[in-house]
Amino acid sequence: MIRLYNTLTRKKEDFQTLEPGLVKMYVCGVTVYNDAHVGHAMSALVFDIVRRYLEYRGYKVKHVMNFTDVDDKIINRANQLGIPPLELSNKYIADYRQNLLDLNILPATATPQVSKTMPDIIKFIEGLIERGYAYPAPNGDVYFRVTHDEDYGRLSARKLDDMQAGARIEIEEQKEHPMDFALWKAAKPGEISWASPWGQGRPGWHIECSAMNLVELGEQIDIHGGGNDLIFPHHENEIAQTESYTGKEFARYWMHNGMLQLGGEKMSKSLGNIISIKEFISKREADVMRMLVLNGSYRAPLIFNDETLDAAEKGLERLKSALRPATAQGAESAAEAAAALPAAIETVKKAFTDAMDDDFNSAGALGQLFDFVRAINTARDAGATAAQLQPAQDTLRELTGVFGLRLAEKTSTGDADKFIDLLLEVRAEMRQQKQWAMSDLIRDRLKALGVTVEDSKNGATWRWA
RNA sequence: GGCGACGUCGCCAAGUGGCAAGGCAAGGGUCUGCAAAACCCUCAUCAUGGGUUCAAAUCCCAUCGUCGCCUCCA
């Protein structure tokens with residue numbers, strides 16, 4: 001039984017889907033007006049791991065991720081650049097898709113956009129007005145009437161009265177209540193807009209997700225995810241809109257990832273302390289970012305700095321070490337050396353699943369994998385054969401695959417391999433003749449070229465690093 | 001100011017009532033001409049102060065501290 005922490009109840013709950021074997025999962029995507037950063041990557045990775053694990057456990061997952069491609073900031077940025085807003089957002093949508101591919105994140109099964117969901121959004125707003133949950137203002141805006149929603153504030157655990165209405169938001173004369181939020185914004189002159197019963201305008205931020213959910217997944221979904229900075233007001237408002245519209249419970253489980261921390265602060269576009277995904281990928285292997293996420297708890301803040309990244313990179317190397325080939329040539333002790341592996345395989349599979357079942361405890365599961373790595377390496381050192389190592393290495397591949405790790409060894413780009421082999425053959429001859437200085441020089445020079453040479457009693461091995 | 005989450009070894013971090021996983025770093029060792037890798041060994045009583053309990057890192061209260069939200073934000 002999978003258990004997961006539900007923000008709505010602030011407890012871990014047994015996971016049961018609305019339909020057997022099917023998970024409907026909606027995860028808030030990004031507003032596309034500039035390069036996505038590693039904080040976005042964290043969120044995307046968290047839910048990619050959730051999805052991969054659910055699939056590993058036999059569920060079919062409908063995974064919807066939206067693009068907010070109509071928004072104030074997109075409009076402002078497009079104006080600065082002198083290009084149409086949708087041209088700008090389309091560029092960044094393409095960029096973001098590439099970022100996700102680079103990070104080995106499985107493509108969502110649907111990726112709706114605001115600009116392509118307009119009729120459904122308008123219909124949704126009309127429905128809310130009909131039911132008395134929304135009202136058009138004289139200026140052409142339409143607002144949600146929070147006082148009509150008895151349990152408004154349920155998700156973020158706050159009450160309307162506690163929110164010091166008006167303290168940090170400007171009192172809007174058009175609104176009945178200061179906490180009422182816009183479903184539809186009347187167009188300013190020259191702004192991109194769509195026709196509606198309330199005049200030219202565009203949707204407010206929250207309504208898009210309610211509408212896209214309805215279109216893509218229906219009235220009720222299993223998991224709704226996103227960063228914990230979206231709990232209020234975004235997700236709170238989504239619940240208010242959808243439940244007021246359908247009269248049914250919206251999402252059964254609300255999952256929120258913690259914020260990525262850079263220099264003790266949340267990384268965010270508005271703070272400007274940003275490292276883009278593109279920049280990260282140019283400097284580190286994508287698996288390193290995933291490893292950093294896996295080593296932490298998805299709900300807790302993730303500390304992102306050179307030290308934690310270096311550790312993640314080393315940990316990755318350690319996982320890879322278990323995948324290296326057998327070194328012995330069928331030694332007699334091989335059977336004994338490999339004897340412990342079948343049991344280790346059973347142990348790690350169970351422990352891995354137990355940990356992940358408990359609210360996707362990837363750090364706990366990862367610890368189990370490291371224990372397994374030691375078992376494999378010990379067997380190899382003791383002389384296990386390739387055939388004996390194979391099942392264990394396959395298991396490790398399978399489980400790290402559930403995590404979405406690629407564990408790719410770097411490979412040669414050209415015909416270098418055979419020349420390196422030749423060089424090492426010659427070097428082996430030199431070592432026979434104890435020409436240590438020259439042997440070491442070759443090893444050092446190859447290292448500088450990205451080739452790691454390791455000598456052992458069975459001869460030298462090498463790999464790209 | 002209000003609300004929420006959290007505070008475990010030098011760093012990251014699992015563990016939510018019964019002798020404190022794992023990774024990185026560090027020290028010692030095996031192997032080795034050296035180096036590297038791998039393997040073995042060493043390395044914490046859980047922010048502080050009270051309380052509940054046979055038993056608490058784990059539950060309760062207080063204090064201190066950190067982060068997030070309350071405005072756009074993954």
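No hydrogens, no waters, no symmetry mates; every other heavy atom, side chains included, goes into these values.
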* Is a donor-acceptor pair below 3.5 Å formed from side chain A/Asp455 to base B/rC34, judging by atom type as modelled? -> yes

* Asked: Quantified in whole Å, what is the P atom distance between nucleotide B/rA74 and nucleotide B/rG68?
  -> 15 Å

* Does the side-chain ring of A/Phe370 sit on the six-membered ring of the B/rG23 base, less than 5.5 Å centre to centre and under 30° in tilt? -> no

* **Given B/rC67, B/rC24, B/rC70, the nucleotide with the shortest approach to the side chain of A/Ala311** => B/rC24

* **Distance between C1' atoms of B/rC9 and B/rA21 (Å, rounded)** => 13 Å

* Structure fact -> Closest non-hydrogen contact found for A/Val64 with A/Thr109 is N-OG1, 4.4 Å

* In terms of side-chain heavy atoms of A/Arg443, which of B/rC34, B/rG33, B/rG23 is nearest? -> B/rC34

* When rounded to the nearest Å, what value does the distance between P atoms of B/rC31 and B/rC40 take? -> 16 Å

* Would one find a side-chain N or O of A/Asn257 under 4.0 angstrom from OP1 or OP2 of B/rA74? -> no

* **Base B/rG33 to side chain A/Arg431, donor-acceptor N/O within 3.5 Å cut-off** => yes

* G-U wobble or Watson-Crick pairing nucleotide for B/rG18 (cut-off 3.5 Å, both distances) -> B/rC54

* Examine B/rC3: is either OP1 or OP2 under 4.0 Å from a nitrogen or oxygen in the side chain of A/Arg154? Give yes or no. => no

* Asked: Taking the C1' atom of each, how far is B/rC59 from B/rG18, in whole Å?
  -> 14 Å

* Is a donor-acceptor pair below 3.5 Å formed from side chain A/Asn228 to base B/rG4, judging by atom type as modelled? -> no

* Asked: Between B/rG23 and A/Arg374, is there an OP1 or OP2 to side-chain N/O distance shorter than 4.0 Å?
  -> yes

* Asked: Rounded to whole angstrom units, what separation is found between the CG atom of A/Asp180 and the P atom of B/rU71?
  -> 14 Å

* Most 5' of A/Gly296 and A/Gln368 on RNA chain B, judged by nearest nucleotide -> A/Gly296

* Whom does B/rC72 pair with, Watson-Crick or G-U wobble, provided both distances fall under 3.5 Å? -> none

* **Among A/Val114, A/Asp69, A/Thr117, the one residue meeting side chain to side chain contact (heavy atoms under 4.5 Å, CB included) with A/Glu208** => A/Val114

* Structure fact -> Paired to B/rU45 by Watson-Crick or G-U wobble criteria (both distances under 3.5 Å) is none

* To do: Please tell me which of the listed nucleotides, B/rC11, B/rG33, B/rG22, lies nearest to the side chain of A/Arg427?
  => B/rG33

* **C1' spacing across the pair B/rA13 / B/rG22, given as an integer number of angstrom** => 8 Å

* Asked: With rounding to whole Å, what would you report as the distance between B/rA14 and B/rU58 at their C1' atoms?
  -> 13 Å

* **Spacing of A/Met291 atom CE relative to B/rC12 atom P, expressed in whole Å** => 16 Å

* Base-pairing mate for B/rC39 - Watson-Crick or G-U, with both contacts under 3.5 Å -> B/rG29

* Proximal nucleotide (of B/rC12, B/rG4, B/rA74) relative to the A/Arg10 side chain -> B/rG4

* If you check every side-chain atom of A/Ala363, which of B/rC70, B/rA13, B/rG4 has the closest atom? -> B/rA13

* Asked: How about A/Tyr253 and A/Phe15: are their ring centres within less than 6.0 Å of each other?
  -> yes

* To do: Could you let me know what B/rG4 is paired to, Watson-Crick or G-U wobble, both distances under 3.5 Å, or none if it's on its own?
  => B/rC67

* Using a cut-off of less than 4.0 Å, is there contact between a side-chain N or O of A/Lys266 and OP1 or OP2 of B/rC69? -> yes

* Do the side chain of A/Asn295 and the base of B/rG22 come within less than 3.5 angstrom through a donor-acceptor pair of N or O atoms? -> yes

* **Minimum-distance nucleotide to A/Met267 side chain [options: B/rC69, B/rC72, B/rA74]** => B/rA74

* To do: May I ask you to check whether A/Gln98 and A/Asp102 show a side-chain donor-acceptor distance below 3.5 Å?
  => yes

* Asked: In the strands shown, is B/rC34 matched to any nucleotide by a Watson-Crick or G-U wobble pair with both distances under 3.5 Å, and which?
  -> none

* Looking only at side-chain atoms of A/Met259, point me to the closest of B/rC70, B/rG68, B/rA13. => B/rG68

* Asked: Do A/Glu346 and A/Lys350 sit within salt-bridge range, that is, some charged N less than 4.0 Å from a carboxylate O?
  -> no

* **Touch class at under 4.0 angstrom, heavy-atom based, for A/Ile231 against every strand present** => nothing

* For the rings on A/His235 and A/His256, is their centre-to-centre separation under 6.0 Å? -> yes

* Out of B/rC12, B/rC39, B/rA74, whichever nucleotide has its closest atom nearest the side chain of A/Thr31 -> B/rA74

* **Residue whose nearest RNA chain B nucleotide is more 5′ - A/Gln261 or A/His235** => A/Gln261

* Can A/Asp222 and A/Lys62 be counted as an ion pair, charged N to O under 4.0 angstrom? -> no

* A/Arg318 side chain: which of B/rC34, B/rG23, B/rC3 is closest? -> B/rG23

* Between B/rC60 and B/rA25, how far apart are the P atoms? Round to whole Å, please. => 38 Å

* Have a look at A/Gly225 and say if it touches a base, only the backbone sugar-phosphate, or nothing, with a 4.0 Å heavy-atom cut-off. => nothing

* To do: Return the nearest nucleotide to the side chain of A/Glu307; candidates are B/rC11, B/rA21, B/rA74.
  => B/rC11

* With a 4.0 Å cut-off, would you call A/Arg3 and A/Asp358 a salt bridge? -> no

* OP1, OP2 of B/rA25 versus side-chain N and O of A/Lys314: anything below 4.0 Å? -> yes

* Using atom C1' of each nucleotide, how far apart are B/rC46 and B/rG7 to the nearest Å? -> 10 Å

* Determine the contact category for A/Asn361: base if any of its heavy atoms lies under 4.0 Å from a base atom, sugar-phosphate if only primed atoms, P, OP1 or OP2 are that close, otherwise nothing. => sugar-phosphate

